[in-house]
Amino acid sequence: MSAPTSTPPRTTAGTPAPEGPRSPGSAELVRLVAGREISTRLRDKNFIVGVVLTVLLLVGFMAFQIAMSSGADEARLGIVGDAAQLGPAIEAQGEAVDVDVTVVELDDEAAARAAVEAEDVDGALLAGGPAPELIVQDRDSTMEAVVNGAVGGVAVAEQLAEAGVDLSAVPEVQVTALAGDDGNEEQVLVAIIGVLLLYGLLIMFGQFIAQGVVEEKSSRVVELLLATMRPWQLLAGKIIGLGVLGLGQIVLIGVISVGGALAFDLVAVPGDLISTVVSVVLWFVLGYAFFAAAFAVAASLVSRQEDLGTVLTPMMVLLVGGFFVGIQAATDPDGTLAVVTSYVPGLSPLVMPVRQAAGEVAGWEIAVSVALMLVAIVVAVRIGGRVYAGALLRTSGKTKLRDALKAART
Amino acid sequence: MLEFDGLRKSYGANQVLDGVGFTVQPGSMFGFCGSNGAGKTTTMRIAMGLVLSDAGEVRWQGRRLDQELRRRVGYMPEERGLYPKMKVGEQVAYFARLHGLTAAAASKASEEWVERLGLGARRGDAVEKLSLGNQQRVQLAAALVSRPEVLILDEPFSGLDPVGVDSLAEGLLDQVRTGVPVVFSSHQLDLVERLCDSVGILARGRMVATGTVDELRRREAGRLLRVVVPDAVPGWAAALPGVRVVSEQAGDTLLDPAPGTDDQAVLAAALRTGRVTHFAWREPTLVELFRGAVADPRTDEEVAA
């Protein structure tokens, strides 16, 4: 049963067959693992539905904002007579009470009545005589106020001008808002939405990673994988692959919201919006790197999906806590809680962007927070890599953290 | 030459491997036997770098098996492992790529192997939708797709029906014919006896016997003489010198002659009883050798590799 001498060995060491294997480097292995993660997720209907729903929700929110802000009422007013002087006055008066008044010139009273009855205009002002008359279908206090104010204002101005009073001396009122003067409310709103998204995405991608790790353990495919690569290469590939997807998703959401907000003129200061969105995206990268490593390591300790809940609890608590502190930071950006937590690695990605948007945060504060987070990421990846390596092949039951660390050492 | 040399491994106080060593020639098949928990899986995992040995190493063509060299080894773990939701063809191609094939070569090789193992129609199905036997074939395809120089298979035949066993055996023999050394562990000793050029028996972490099946037979006592004498009176052999009667039923007699006993004298005695319809040495089966090697704790005749 030994090999027939007629068939020579097909391969010999050092001279692999032409299309035979070369040795893929670390980068290539990591890329292969990442590629598999991405293509698996992109074909997962649930994931695609999730992305589409998020985008729809966002578009819906913007549509709601548009409806609310342009909810500025519209009105058409017909004027018979002195439209040249009254028209601008009425439009200005309307703007003051958030009514967008369009002035239409009408020929005479008959035409005015016809236009009101046909609901071509919301009201018609007969301004020809000394006693102006407003014709409406039903009484409308806003319209009446706008017209009264305008007519009165024009009359007063005329009379004052006749009396030789200089109107340019009327002082203009300076407005001081106690709630903050730089209009950062909408920036805070954007930051809160951003933190909400960040929280959702971190949990979602953390779960993806955890489930993927357990799937490989429970299906035992991990043994075959580790026969061709090192644990850290597998871990890196997973984190990078899903990270690219997560980043893609948050950038897509950011682009849609910034684009939408600019196109529909939803924000007063576009620069602030963009900087807030960019900071949320950057914090996502940091938060993701940290939590992805933590979720993967925790998941590597168990071998069944059912056991995932218990090992993921600490990270979930951290995320939920960060989320609530982040929301709270919007109202009290300089409070002790917000300031302290904005430095705590793991919490900072959810708190710092809100503080940045809501209050004055010095550059060094952000730098310190980012630096601490980077240190935490390095620690998480290094310790995590060891636990992961030690726990992956223990496919029975739950592995203790200490045992995994010990196993990796030998 | 594939060499397992002096492998030792202990988990705490539990010495799992205590100097396991054997060699496998290119183009030959090595059957790795041993009772449950003897350390077969640990030995194979050490070869694949999944378990670190305390001492000893595994070499292929004189070079220590490292991460890079392991890419040329096809491996089938004892616990079958595939991505359940991944399609058959893509899965096999993925493993080919992990072994270093380019994308094009991997998909071509995957197509080829999936076809060759009779799964062509299932290429686009998720692995979890396949029967266990077919999943096993996918597993084999994953091990063979990178055209490995060495095959290490842990219990490849377990769970297969007789047809599956035959087709897998055929596939492995094909590999052997192209010069690949194949190591596989199995409890099906008849299969090992039929397929393997050499055999190693592992017990309590040590190799208690290695060699060709014939060598083991020669080394082991336990050859029996079967004599069928239909006309003999019961107890006909009891008085023969140097012969122990193992069993006797209606003239079908199993004799255990002491070393140096002249079998021709036994034949002559048999002929004196009348007709002799059968007279032959009965070779011990591998099962009997295995029992003998594994059962007796003192049978520590370690064969140095």
Side-chain angles (χ1 to χ4, degrees), chain A residues 1-26 28-29 31-33 35-36 39-40 43-44 212 215-231 233-234 237 303 389-390 392-393 395-396 406-410, chain B residues 25-29 45 48-52 54 60-63 67-73 75-86 90-91 94-102 104-105 108-109 127-128 139 142-143 146-149 152 173 176-180 194-197:
Chain A
M1 216 176 294
S2 55
T5 44
S6 55
T7 40
R10 189 194 33 176
T11 49
T12 48
T15 56
E19 82 273 33
R22 315 147 285 115
S23 230
S26 288
E28 188 169 355
L29 285 170
R31 214 176 50 232
L32 281 171
V33 175
R36 202 199 78 86
S39 74
T40 306
R43 276 188 250 167
D44 180 359
E215 188 197 29
E216 281 171 0
K217 268 191 95 176
S218 64
S219 70
R220 319 288 163 126
V221 74
V222 69
E223 191 168 341
L224 218 47
L225 296 174
L226 291 187
T228 58
M229 68 180 89
R230 299 193 183 287
Q233 293 165 333
L234 183 58
S303 12
L392 269 190
L393 285 174
T395 47
S396 54
K406 224 187 285 169
R409 224 168 245 245
T410 51
Chain B
Q25 300 297 330
S28 77
M29 210 180 296
R45 283 184 162 186
M48 294 316 294
L50 299 165
V51 171
L52 291 177
D54 300 337
W60 167 233
Q61 291 175 334
R63 270 179 66 197
Q67 192 78 11
E68 195 203 321
L69 211 48
R70 277 188 202 107
R71 264 177 241 300
R72 308 195 203 149
V73 179
Y75 175 56
M76 196 193 260
E78 181 189 22
E79 307 258 21
R80 305 286 175 259
L82 294 166
Y83 286 106
K85 295 192 194 319
M86 207 170 168
E90 287 171 14
Q91 181 132 235
Y94 180 61
F95 283 110
R97 295 216 62 192
L98 290 183
H99 279 92
L101 267 66
T102 61
K108 191 166 152 264
V127 167
E128 61 185 355
Q139 195 84 54
S146 57
R147 311 222 303 169
E149 294 172 21
I152 295 180
L173 286 172
V176 166
R177 276 180 215 118
T178 60
V180 174
R194 198 178 77 191
L195 291 175
C196 292
D197 305 295

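Just so we're on the same page: letters track the sequence lines, and every chain starts at 1.
- When all heavy atoms of Thr228(A) and Arg71(B) are compared, the closest pair comes out as O-NH1, 2.6 Å.
- Contact between Leu226(A) and Gln67(B) at its shortest, heavy atoms only, is O-NE2, 4.4 Å.
- A salt bridge links Arg45(B) and Glu223(A); the closest N-O separation between the charged side-chain nitrogens and carboxylate oxygens is under 4.0 Å.
- For Tyr94(B) against Leu32(A), the heavy-atom pair with the smallest separation is CE1-O, 3.7 Å.
- Atom CE of Met86(B) and atom OG of Ser39(A) lie 6.5 Å apart (nearest 0.5 Å).
- Arg70(B) and Ala227(A) get closest at one heavy-atom pair: CB-O, 4.1 Å.
- For Glu215(A), the part sitting under 4.5 Å from any heavy atom of chain B is the side chain, from C-beta outward, and nothing else.
- The distance from the CD atom of Glu216(A) to the CG atom of Leu82(B) is 12.0 Å, given to the nearest 0.5 Å.
- Only the side chain of Arg43(A) has a heavy atom closer than 4.5 Å to any heavy atom of chain B.
- Scanning for salt bridge (Lys or Arg N to Asp or Glu O under 4.0 Å) contacts around Glu78(B) gives an empty result, with sequence neighbours left out.
- Of the two parts of Glu90(B), only the side chain, counted from C-beta on, holds a non-hydrogen atom closer than 4.5 Å to a non-hydrogen atom of chain A.
- Interface check for chain A: of the options Met48(B), Lys85(B), Glu128(B), the most heavy-atom pairs under 4.5 Å are formed by Met48(B).
- Residues Leu225(A) and Phe95(B) come closest through the heavy atom pair CD2-CE2, 3.8 Å.
- Note: Gln139(B) CD to Leu224(A) CG = 6.0 Å, rounded to the nearest 0.5 Å.
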